[in-house]
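Worksheet: one structure, shown below.
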Amino acid sequence: MSYLSHLDCSYCSGRYDADQVIRLCPECGSPLLARYDLAAAAAGLDRDEVARRPAGLWRFREMLPVRDPRFIVTLGEGGKPILKLEHLGEQLGLKHLYLKDEGQNPTGSFKALGLSVAVSRAVELGVAEFVIPTAGNAGGALASYAARAGVPAHVYMPQDASLINILEVQMAGADLHLVNGLINDAGREAAAGAAQGGWFDVSTLKEPYRLEGKKIMGYEVAEAFGWELPDVIVYPTGGGTGLIGMWKAFAEMAALSWIGRHRPRMVAVQAEGCAPIVKAFHQGAETAEPWENAATLAGGLRVPEAVGSRLMLQALRESGGTAVALSDHQIREAQAILAASEGVFASLEGAATVGALAPLVEQGWLSAGERILIFNTGSGLKHRLMLT
Ligand SMILES: *Cc1c(COP(=O)(O)O)cnc(C)c1O
Ligand SMILES: [Zn+2]
């Protein structure tokens, strides 16, 4: 069923067997990328047949890593709608403005896509216990998918995370550790737990398969736009899996001859209080420096140090894209505008993509007739209740 062939290092020339439990490149410590037999897939897979299957992430199963379908752990992730934003588009002078609403996914965020695939594949490879450091939503998703798979999970989360994230992890029966610090501090504690307990650590981009789940957003966008990608994609960027994953999906689909050469300009949106990718992009750097004293209410964007920064910056530059930072005040305003004008109560992270539009229009970077797709990555219902 899967055309998975091997794993390539994203940085050095390392190439690895995909049918083993592995995390980062053993040679250089960079993220590993799943590779597929694209020639066989091009011959054996028909995009129109795929598009007629039941909706959802797993309709693209041949381009996902799970070999035996019995291992698929699903809660109905993927296949979420692309909505035309008529009112907002009119206000901004944009004729073709769309939003893909990933907030409608199980567990209320697009973290479900990555963790459905990562948990399924890891269990197929024999993993029996998981651990994750998280700003909040990834922990909720891991806890839920691990519960569904019937395997234990340990979640390390900043103590000031949203109360909803704490509740959903506890309800799913995972072992929750509240950490005094940010996601990177949680990462250190999770790694220590993993080393001691022999748990599999599914940190962002530190294993190869959450990326594969997130990349499916790229396949879905191509399908929804009639296999002609939009001109611009605006994406709220934390660890960067969505951005990197969609860019990977576009290359795969081109190799399958499902799409032509046209690529969207990719725009990363971050919060002013934690904008390492925006800073590195405008400085022309190849990787991002860790951000000091990261602070923003948009928890998914509060990622001061991302292992995938090189890959994110490559995607932004190859696409002719850009990067934008907004204040928390602007993000909250955008959240209210989107809800009142279109009826979509987005997460703060998703709302940031709305806030990024006006400055890009003013700079002349976006033009009226372009097809522009913004991403809501989570439901607004997951915020607001803070412990502190
Ligand atoms: C994790 C998260 C993000 C950041 O996602 P990446 O693809 O890892 O950059 C954005 N929005 C929400 C709601 C999130 O939970
Ligand atoms: Zn390497």
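Note that ligands are numbered from 1 as they come in the structure, with each ligand's atoms numbered from 1 the same way.
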Report yes if Glu349 has an N/O atom closer than 3.5 Å to an N/O atom of ligand 1; otherwise report no.
no
If I apply the N/O under 3.5 Å rule, does Thr237 come out as touching ligand 1?
no
When the ring planes of Phe60 and Tyr219 are compared, do they come out parallel, tilted or perpendicular, using 30° and 60° as the limits?
tilted
Residue pair Ser5 / Asp37, side-chain donor-acceptor N/O under 3.5 Å:
no
Decide whether Trp258 and Glu252 meet the rule of one side-chain donor and one side-chain acceptor closer than 3.5 Å.
no
Record the part of Lys382 in heavy-atom contact with ligand 1 below 4.0 Å; permitted values are side chain, backbone, both and neither.
neither
Can a side-chain donor-acceptor contact be found between Trp58 and Glu77 if the only test is distance below 3.5 angstrom?
yes
Is any N or O atom of Asn137, backbone or side chain, closer than 3.5 Å to an N or O atom of ligand 1?
yes
min-distance protein heavy atom vs atom 2 (C) of ligand 1 -> Lys111 NZ, 2.4 Å
Check the side chains of Asn376 and Ser347 for a donor-acceptor pair under 3.5 angstrom, ignoring hydrogens and angles.
yes
Can you find a side-chain donor-acceptor pair between Asn137 and Asn165 that sits under 3.5 Å?
yes
Are any of the N/O atoms on Ser347, whether in the backbone or the side chain, positioned under 3.5 angstrom from an N/O atom of ligand 1?
no
Looking only at distances, please establish whether an N/O atom of ligand 1 is found under 3.5 Å from an N/O atom of Leu243.
no
Between Asp231 and His262: side-chain donor-acceptor atoms closer than 3.5 Å
yes
Can you name the atoms of ligand 1, numbered from 1 with element, that are less than 4.0 Å from a heavy atom of Gly300?
2 (C), 3 (C), 4 (C)
Vertex the Zn ion (ligand 2), rays to SG in Cys9 and SG in Cys25 - rounded to 10°:
110°
Kindly confirm or rule out an N or O of Phe110 lying under 3.5 angstrom from an N or O of ligand 1.
no
With distance as the sole criterion, is a donor-acceptor pair present between the side chains of Gln270 and Thr237 under 3.5 Å?
no
Tell me which protein heavy atom sits closest to atom 7 (O) of ligand 1, plus the residue, atom name and distance to 0.1 Å.
Tyr235 OH, 2.8 Å
Give a yes-or-no answer on whether the side chains of Gln104 and Asp101 include a donor-acceptor pair shorter than 3.5 Å.
yes
I need the atoms of ligand 1 closer than 4.0 Å to a non-hydrogen atom of Lys214, numbered in the order shown.
7 (O), 8 (O)
Vertex the Zn ion (ligand 2), rays to SG in Cys28 and SG in Cys12 - rounded to 10°
120°
Between Arg121 and Asp68, is there a salt bridge with N-O shorter than 4.0 Å?
no
Do Tyr16 and Glu27 have side-chain atoms, one donor and one acceptor, less than 3.5 Å apart?
no
For ligand 1, which atoms sit closer than 4.0 Å to a heavy atom of Thr241?
6 (P), 7 (O), 8 (O), 9 (O)
Identify the protein heavy atom lying closest to atom 6 (P) of ligand 1, giving its residue, its atom name and the separation to 0.1 Å.
Gly240 N, 3.4 Å
Short N/O distance, under 3.5 Å, between Gly242 and ligand 1?
yes
Is there a nitrogen or oxygen of Thr204 sitting under 3.5 Å from a nitrogen or oxygen of ligand 1?
no
Residues Gln335 and His383: side-chain donor-acceptor under 3.5 angstrom:
no
For atom 11 (N) of ligand 1, find the nearest protein heavy atom and state the residue, atom name and distance (0.1 Å precision).
Thr377 OG1, 2.6 Å
Give yes if a backbone or side-chain nitrogen or oxygen of Gly378 is under 3.5 Å from a nitrogen or oxygen of ligand 1, and no if not.
no
